[in-house]
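Have a look at the structure below before the remarks.
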Number of protein chains: 2
Amino acid sequence: MTGGLVAQSSVGPRRLTTQRQLVASALHEAGRTVSAAELFAGLRGNNPRIGRATVFRTLDLLVEIGLAQRFEGDGHVYLYTSCAPIHHHHLVCRVCGGTTDIDDAEVDALIRSVHRRHDFVLDHASLDFYGTCSSCPAAK
Amino acid sequence: MTGGLVAQSSVGPRRLTTQRQLVASALHEAGRTVSAAELFAGLRGNNPRIGRATVFRTLDLLVEIGLAQRFEGDGHVYLYTSCAPIHHHHLVCRVCGGTTDIDDAEVDALIRSVHRRHDFVLDHASLDFYGTCSSCPAAK
DNA sequence: ATCCTAACTGATACTCGGTATCGTTAGCCG
DNA sequence: CGGCTAACGATACCGAGTATCAGTTAGGAT
C-alpha cells in the first residue's frame, strides 16, 4: 500500500490533523454509506469545533487517496463509504445505505464484453450498482 | 405502448401544451444527453416565453411516462435523453454526452447472477454505465 | 526545544441545480 | 362559447457543495 493520510511528494506534503482523523474514523465507524451532511452533524455532536468545509475537504481527500469511495446519492447528494485502498465494486442499498462488495470477475466479464462489442471504455469508478438488499422492505 | 404526452385517468388528465412539445422536441433533437439548464438555455434562445420551472417539470413528466431517461451527471446535475418508452440500459459517454444502448440480455444476466449470489434486488433504473466512447479522446 | 512556513482550519459568503408557491394563462370538455 | 382546472412563468426559496480568507497548527529545519 502506497497511500495514507500522510503523503506524498508531487502534490505537496499532507498533514495528519485531528480533524482528518475524526472524519476518517467517523466514516469508518459508520459502516455504511453516509452523506457529508450526516457525517458533519455527527461530528458536531461530539466536537463542536469542526467546520462544514473541513468535512467536505477531508472526504474529497479520502476519496483521492483511495481510503473512501464516493457514490451518487438520490437527490444530488454524494454518499461516502470507507474502504480499503484497492479498487472494487459495490452494491449500494438505497434503503438502508449498506454496501456489499461484488465479485470483481463477474463485473469485469461484463466490462470486457461491453468493450468488445461497443467500443466503449467503462469508467470503473462509476461501476457501482444501486438497489435494495434482501433485509430491507422494498420501501418506495 | 400505453403512455404519451396526452394521458391518463388515474393521475388526472394531462394536457398537450406547446411548452411540452417544445421541450420534448428539443430533447429529441439534441440526440445526446443534455442537462435541464442546457435545454432551458436553448429553448429560451428561440422562444423567450418559457419558464425554467416548466422545463424541470416537463422533464420530470417525460421521465415519468417513459419518453425520457434520467442519468446522474457529474456535479449533482441530472442529464436527460430522449428514448422510446420501453426500458433499456445505456452507455453514457462522459466526454461527448452520447448514449449507446446496451444489449439487455447481457446486463440481465449480470442482474440475475447478482441477485442469485447476493440477495440483492438491483434497481433497473440506475443500471446505466458511464465511460468514454471510442470516438472521444480520453479527456480528463 | 523553538522557530518558521505553508498546509490546514472554521466561519461565512457564494453558486447553482432543483423545488415550492402563487397569481395568471390556456387546454379541453361540455 | 364558457368554465373548470391543469399547466404556465416569475420568483423566492432550499440545500449541497465550493471559494475565500484571516487565523491556527503540524511537522521539518535549525
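Values in this document were obtained by computation on a predicted structure and should not be read as measured data. Letters go in sequence order (proteins before strands), and every chain restarts at 1.
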Which part of the nucleic acid does A:Ala37 contact within heavy-atom distance under 4.0 Å: base, sugar-phosphate only, or nothing?
nothing
N or O in side chain of B:Arg49 less than 4.0 angstrom from D:dA7 OP1/OP2
no
From CZ of B:Phe71 across to P of C:dG17 the rounded distance in Å is 19 Å
So among A:Thr33, A:Asp60, A:Leu59, which one has a side-chain contact (heavy atoms from CB on, under 4.5 Å) with A:Arg70?
A:Asp60
Taking the side chain as every heavy atom from C-beta outward, state whether A:Phe56 and A:Val23 have any atom pair closer than 4.5 Å.
no
For the pair made of CG in B:Leu39 and P in C:dG18, what is the distance, rounded to whole Å?
12 Å
Check every atom of C:dG17, D:dC8, C:dC28 against the side chain of B:Val77 and return the nucleotide holding the closest atom.
C:dG17
Of the nucleotides D:dC8, C:dA20, C:dA6, which has the atom closest to the B:Ala53 side chain?
C:dA20
Rounded to the Å, how far apart are B:Arg14 CZ and C:dC29 P?
15 Å
Between D:dA16 atom P and A:Leu79 atom CG, what is the distance in whole Å?
11 Å
Whole-Å distance separating the CD1 atom of A:Ile50 from the P atom of C:dT12
16 Å
With nearest nucleotide decided by heavy atoms, which residue, B:Ser35 or B:Thr18, maps closer to the 5′ end of DNA chain C?
B:Ser35
Does any part of the side chain of A:Leu62, heavy atoms only, come nearer than 4.5 Å to the side chain of A:Tyr80, both counted from C-beta?
no
Given DNA chain C, 5'-ward residue of the pair B:Arg52 and B:Gln19, judged by closest heavy atom:
B:Arg52
Ranking C:dG18, D:dT11, C:dA6 by distance to the side chain of B:Tyr78, first place goes to C:dG18
Looking at the side chain of A:Pro13, which of C:dA7, D:dG17, C:dA26 is the nearest nucleotide?
C:dA7
N or O in side chain of A:Thr17 less than 4.0 angstrom from D:dT25 OP1/OP2
no
Of the listed nucleotides D:dA10, C:dT5, D:dA7, the one nearest the side chain of B:Arg44:
D:dA10
A:Arg49 atom CZ: more than 12 heavy-atom contacts under 6.0 Å:
no
Could you state the interatomic distance from OG1 (A:Thr81) to NE2 (A:His28), rounded to the nearest 0.5 Å?
9.5 Å
Tell me the interatomic distance from A:Arg70, atom CZ, to D:dA16, atom P, rounded to whole angstroms.
15 Å
Answer with yes or no whether A:Arg57 presents, from its side chain, a donor or acceptor under 3.5 Å of a partner atom in the base of D:dT18.
no
Between D:dC8 atom P and B:Arg20 atom CZ, what is the distance in whole Å?
5 Å
In whole angstrom, give the distance that lies between atom CG of B:Leu43 and atom P of D:dC8.
12 Å
